[in-house]
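Notes follow the structure.
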Amino acid sequence: MAKFKKARVNVGIDMTPLVDVAFLLLTFFMLTTQFKPQEDVKIQLPMSHSPTKLPESDVMTIHVDANDSLYLGFVAPAMMEAFFGPAYRDKQCCSVKKADLPDLLMKARGMNSKIRTLIKTDANNEFGMVSDILEILQKTKIIRFSIITNYDQTGI
Amino acid sequence: MSGADVGGGGGQKRHAKKGRKPKKRMKIRIDMTPLVDVAFLLLTFFMLTTVFRLPNAFEIVLPDTITVQVKVPETKMITIRVGNDMTVFWSIGIFTAHRMPYEALTDSLKAKKAQWESRYTPQQLKSFEAFPNDPNTKHPDWIFKIVLDRKAKSKALIEIVDKLKILDMTRFTIVPINEIDKKEMAKAI
């Protein structure tokens, strides 16, 4: 049976394509990764079944944190600077008084007519503050707004 | 490893032709294993940490109550009030509220939708789908008034509106609590 002794084939695998693909994927993930920005205000989001994605530009956000403090923020650094000064250029939001909110909202709409209003409220805080904000929004004729939520995958 | 060791041969020949002293070329073989290791390590890290899911926007459109006043029949209107302890007070029209636990609200809303659907034959309901933008035919015609106590949790608002949207009952308004609401909630059964 020695006749059929198999000659061993020297297997050399060319790793180049593998490395190519690996680096391609690596580059893709490195470029697409957006690390969660350091939150200026800690807010636990409520849940909803809305599939709509959050708009990324032309946005102003009214934050209400768990202590019922009110903040206003813009995505555009230029808007932040125009409203709260150069120190807030790269911040997400700035603390505002409830009494000033209607004027700020009007001013923001004057500067950017396409701006959309988002409300970011903590799921467990009291409704009073949100109620006041809704009233202010209605008075300033912002009847279309969105609330930032996490997607709830369970049924109703 | 054909890709790595083609470096030597060709070059030597060329130099020999010109009669120059052939330069000794070092055969360079790079062990790619650590490189690949690191690449895959980083790849795994970025794949695992990437979050494609961002928070969602939950859109609410309120009726423009300041410029437009709409009169609604009381029988079509349902007031949902939420107390500070998250008890739901349900009433047809504005008065005579009924107390119910917050969890029971979904069933009540479903029952209202079923009540609307029972007025039509399945064929009629199907025909409504042909006019998805006609607010009078497609959606159940209940008008909801949502009133939350200032001490209630704000997520209740989002959850109630969410339920209404899912059940396709999109006519609702959110109003601040007033004295009538407080009285009704106090004397509710």
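Because only heavy atoms are used, hydrogens play no part in the values below, and waters and symmetry mates are left out as well, while side chains stay in. Owing to the predicted nature of the structure, the values given are computational and were not obtained by experimental measurement. Just so we're on the same page: letters track the sequence lines, and every chain starts at 1.
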Rounded distance [0.5 Å steps], OH in Tyr88(A) versus CZ in Phe74(A):
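Reported value, rounded in 0.5 Å steps: 13.5 Å.
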Residue list, side-chain hydrogen bond (donor to acceptor under 3.5 Å, both in side chains) with Asn124(A), at least two apart or on another chain
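Result, side-chain hydrogen bond (donor to acceptor under 3.5 Å, both in side chains) vs Asn124(A): Gln44(A).
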Those residues that, when tested against Lys183(B), pass side-chain hydrogen bond (donor to acceptor under 3.5 Å, both in side chains) (two or more places apart):
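For Lys183(B), no residue satisfies side-chain hydrogen bond (donor to acceptor under 3.5 Å, both in side chains) once neighbours in sequence are set aside.
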Passes side chain to side chain contact (heavy atoms under 4.5 Å, CB included), Phe144(B) versus Met169(B)? Steps please.
CA-CA 8 Å; Phe144(B) 292 90; Met169(B) 303 196 276; 3.9 Å; yes
Let me know if [X] has heavy atoms under 4.5 Å from chain B in its side chain, its backbone, both or neither.
| X | result |
| --- | --- |
| Phe23(A) | side chain |
| Thr149(A) | both |
| Thr52(A) | both |
| Ile147(A) | both |
| Asp122(A) | backbone |

Less than 4.5 Å to any heavy atom of chain A: does that hold for the side chain of [X], its backbone, both, or neither?
| X | answer |
| --- | --- |
| Asn84(B) | neither |
| Ile158(B) | side chain |
| Leu157(B) | side chain |

Below 4.0 angstrom, N of the basic side chain to O of the carboxylate: do Arg150(B) and Glu126(A) qualify?
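Looking at Arg150(B) and Glu126(A), the cut-off is not met.
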Closest heavy-atom pair, Ala156(B) versus Tyr102(B), reported as atoms and distance to 0.1 Å, is CA-OH, 3.4 Å
Are the side chains of Ile78(B) and Leu109(B) in touch, meaning some heavy atoms are under 4.5 Å apart?
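Side-chain contact under 4.5 Å: no.
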Flag the one option from Leu43(B), Val36(B), Ile60(B) with the top tally of heavy-atom pairs under 4.5 Å to chain A.
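If we count pairs closer than 4.5 Å to chain A, Ile60(B) comes out on top.
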